[in-house]
Student: 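My questions all concern the structure below.
Being a predicted model, the structure only gives us computed values, none of them experimental. Note that ligands are numbered from 1 as they come in the structure, with each ligand's atoms numbered from 1 the same way.
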Amino acid sequence: MHPITIIGTGLAGYTVAREFRKLDKDSPLRLITADDGHFYSKPMLSNAFSQNKTPENLVAIPVTKMREQLNAEILTNAQVTQFTPLTIQDKQLEYSKLVLALGADPIHLSLAGDGAADVLSVNDLNDYAKFRNALANAKKVVIMGAGLIGCEFANDLQQAGFEVTIIDLAPHPLGRLVPKIIGQTLQQALQDLGITFHFDTTVTNIAKGYKLTLSDGNILEADVVLSAIGLFPRTKLATNIMINRGIVVNRYLQTNVENIYSLGDCAEVEGLVLPFVMPLMNAAKALAKTLAGEPTQVNYPAMPVVVKTPACPLVISPPALGVKGEWQIEGEGRNLKALFLSPKLAGFALTGTCVAEKMALAKDLPALLV
Ligand SMILES: Cc1cc2nc3c(=O)[nH]c(=O)nc-3n(C[C@H](O)[C@H](O)[C@H](O)COP(=O)(O)OP(=O)(O)OC[C@H]3O[C@@H](n4cnc5c(N)ncnc54)[C@H](O)[C@@H]3O)c2cc1C
């Protein structure tokens, strides 16, 4: 019997393998990864520096232990070059079912200047190792992108003693996710730490050294430039498989090709690309049942995201794309409750002490997929 084969040992690949093993202890299982296969929690990457965590410290379970725990073959440093047929370095592998848990690639701005190629992004442990090395002799860090990840890194690095500047095209942090007043509350808290913001602008040129030219004419100096402007699902290899923004799957996490499934940051489930932990956990539980012989649809309840900015505790659950309504703001100072009403509750953003209302409010939100 050919093994069920999972490409990817990130949270999506390993979670589906774990859930599958709860249901089926013995069927052959194989995981393939382009990296070294150690299990780690990716969300920790954006608040690891101030805790002085090395990449080694962030490994929660080494790959040797994962092989034992999952009773699985795990092929490491093995770049898959084709899915149909499944190919690694000219070698073809057979499978009974194939799961694509490939993650997403950081989006890179195309920038002018001889320093542009040195821009870093942190999307896995290897990236984090490079980032730490670059920070070793650095003082000034410029972050492109005031989204969730940019703000988390900014808070962490400023706390660790760096001089941090953030640049974004939007007029406030978390531009597309929260109402202005919530973005400004986060901005004020980060400014109080010493972080500088440049909004409504972008970087056009990076000269070695580094000297950044912004579209509004400002010039900034930096020792390290970090890009945190978003991720794009890894779909390049899915040549015979339907793709849209991500790898298109139905509620069973199944692609248009029989026996090929997908979940995690690379997948688009019924039109939703949700690059967060909770969606992939829900998907992994459903897919494990399907792989074990009980076809099961994924459900997505509302899944609020905790933003790791200790300077301003924040939880967000943005309304689904296209939902019309209005933000209603309650509270004062740094303790705000923003409710998106359509006319029923369709999203929220909570800061400060109001984050305690997360669970109660989440219960009133509509599910994303039922
Ligand atoms: C800095 C940071 C902080 C975050 N914080 C949060 C948070 O606080 N809360 C939250 O909910 N989410 C957070 N996220 C998002 C969350 O971490 C991701 O949604 C999740 O980890 C994605 O897991 P994944 O398994 O889909 O992808 P990945 O972890 O990227 O795994 C992809 C796997 O596929 C393998 N692979 C890809 N292509 C190939 C190939 N061709 N051949 C072989 N192997 C291949 C890779 O080697 C890797 O093993 C954060 C993300 C980042 C980057």
Student: How close does the nearest protein non-hydrogen atom get to atom 3 (C) of ligand 1, and which residue and atom is it?
Tutor: Ser46 OG, 3.4 Å
Student: Under 3.5 Å between any N/O of Ala104 and any N/O of ligand 1: does that happen in this structure?
Tutor: no
Student: In ligand 1, which numbered atoms sit nearer than 4.0 Å to a non-hydrogen atom of Gly8?
Tutor: 33 (C), 34 (O), 35 (C), 49 (O)
Student: Consider side chain to side chain contact (heavy atoms under 4.5 Å, CB included). Of Leu100, Val99, Ile247, which one does Leu263 pass it with?
Tutor: Val99
Student: Only heavy atoms of Phe276, strictly under 4.0 Å: list the atoms of ligand 1 that pass.
Tutor: 10 (C), 11 (O), 12 (N), 19 (O)
Student: Strictly by modelled atom types, are Arg334 and Thr351 linked by a side-chain donor-acceptor pair under 3.5 Å?
Tutor: no
Student: Considering only non-hydrogen protein atoms, determine which one is nearest to atom 42 (N) of ligand 1 and report residue, atom name and distance to 0.1 Å.
Tutor: Val80 N, 2.8 Å
Student: List ligand 1 atoms under 4.0 Å from Asn123, heavy atoms only on the residue side.
Tutor: 53 (C)
Student: For ligand 1, which atoms, with element, lie under 4.0 Å from some heavy atom of Ala101?
Tutor: 32 (C), 33 (C), 34 (O)
Student: Within the 4.0 Å heavy-atom shell around Gln79, which atoms of ligand 1 are there?
Tutor: 40 (C), 41 (N), 42 (N)
Student: Among Leu98, Asn250, Val249, exactly one meets side chain to side chain contact (heavy atoms under 4.5 Å, CB included) together with Thr255. Which residue is that?
Tutor: Val249
Student: Any link between Ile149 and Val277 through a network of hydrophobic side chains (Ile, Leu, Val, Met, Phe, Trp, Tyr) touching at under 4.5 Å?
Tutor: no
Student: Quick one: does ligand 1 sit under 4.0 Å from the side chain of Ile7, the backbone, both or neither, non-hydrogen atoms only?
Tutor: side chain
Student: For Lys42 and ligand 1, does the shortest N/O to N/O distance drop below 3.5 Å?
Tutor: yes
Student: Any idea which part of Leu237 is under 4.0 Å from ligand 1, heavy-atom wise: side chain, backbone, both or neither?
Tutor: side chain
Student: Identify which one of Thr202, Thr204, Thr201 satisfies the side-chain hydrogen bond (donor to acceptor under 3.5 Å, both in side chains) criterion when paired with Ser215.
Tutor: Thr201
Student: Just wondering, are more than 12 heavy atoms of other shown residues or ligands nearer than 6.0 Å to CD in Glu221?
Tutor: no
Student: Could you tell me which non-hydrogen atom of Met303 sits nearest to which non-hydrogen atom of Pro279, and how far apart they are?
Tutor: SD-N, 3.5 Å
Student: Between Phe131 and Tyr128, how do the two ring planes meet: parallel, tilted or perpendicular, split at 30° and 60°?
Tutor: tilted
Student: Can you tell me the protein heavy atom closest to atom 13 (C) of ligand 1 and the distance?
Tutor: Pro43 CG, 3.8 Å
Student: Ignoring angles and geometry beyond distance, decide whether Gly264 reaches within less than 3.5 Å of ligand 1 through its nitrogen or oxygen atoms.
Tutor: no
Student: Of the listed options (Val307, Asp36, Asp35, Asp127), which comes nearest to atom 48 (C) of ligand 1 when hydrogens are ignored and any heavy atom counts?
Tutor: Asp35
Student: Out of the candidates Thr196, Val141, Val164, only one should pair with Gln158 under the side chain to side chain contact (heavy atoms under 4.5 Å, CB included) rule; please name it.
Tutor: Val164
Student: Looking at ligand 1, does Ala267 have a heavy atom less than 4.0 Å from it?
Tutor: no
Student: Measure the distance from atom 15 (C) of ligand 1 to every protein heavy atom, then report the residue, atom name and distance (to 0.1 Å) of the closest one.
Tutor: Pro275 O, 3.3 Å
Student: Which protein non-hydrogen atom lies closest to atom 19 (O) of ligand 1, naming both residue and atom, and how far is it?
Tutor: Asp265 OD1, 2.7 Å
Student: Quick one: nearest non-hydrogen protein atom to atom 7 (C) of ligand 1, plus distance?
Tutor: Lys308 NZ, 3.4 Å
Student: Quick one: which of Val277, Leu125, Asp124, Leu102 has a heavy atom closest to atom 39 (C) of ligand 1?
Tutor: Leu102
Student: Would you kindly say whether Asn123 and Ser121 are connected by a side-chain donor-acceptor distance under 3.5 Å?
Tutor: no
Student: Would you say the side-chain atoms of Glu330 and Gln328 include a donor-acceptor pair closer than 3.5 Å?
Tutor: yes
Student: Only counting residues at least two apart or in another chain, list the ones meeting side-chain hydrogen bond (donor to acceptor under 3.5 Å, both in side chains) with Gln82.
Tutor: none
Student: Please step through side-chain contact (heavy atoms from CB on, under 4.5 Å) for the pair Leu148 and Phe276, ending with a clear verdict.
Tutor: CA-CA 11 Å; Leu148 295 171; Phe276 298 106; 3.6 Å; yes
Student: Please list, in number order, the atoms of ligand 1 under 4.0 Å from a heavy atom of Ala78.
Tutor: 42 (N), 43 (C)
Student: Give a yes-or-no answer on whether the side chains of Lys211 and Asn205 include a donor-acceptor pair shorter than 3.5 Å.
Tutor: no
Student: List the closest protein heavy-atom neighbour of atom 44 (N) of ligand 1: residue, atom name, distance to the nearest 0.1 Å.
Tutor: Ala34 N, 3.0 Å
Student: If we ignore hydrogens and angles and just use 3.5 Å, is the side chain of Asp223 paired with the main-chain N or O of Lys139 as donor and acceptor?
Tutor: yes
Student: Would you say Ile149 has any N or O atom under 3.5 Å from an N or O of ligand 1, going by distance alone?
Tutor: no
Student: With a cut-off of 4.0 Å, which atoms of ligand 1 are near a heavy atom of Ala12?
Tutor: 24 (P), 25 (O), 26 (O)
Student: Can you report which non-hydrogen protein atom sits closest to atom 20 (C) of ligand 1, along with the distance?
Tutor: Leu280 CD2, 3.7 Å
Student: List every atom of ligand 1 that sits less than 4.0 Å from any heavy atom of Gly103, numbering the atoms from 1 in the order shown and giving each element.
Tutor: 26 (O), 27 (O), 30 (O), 32 (C)
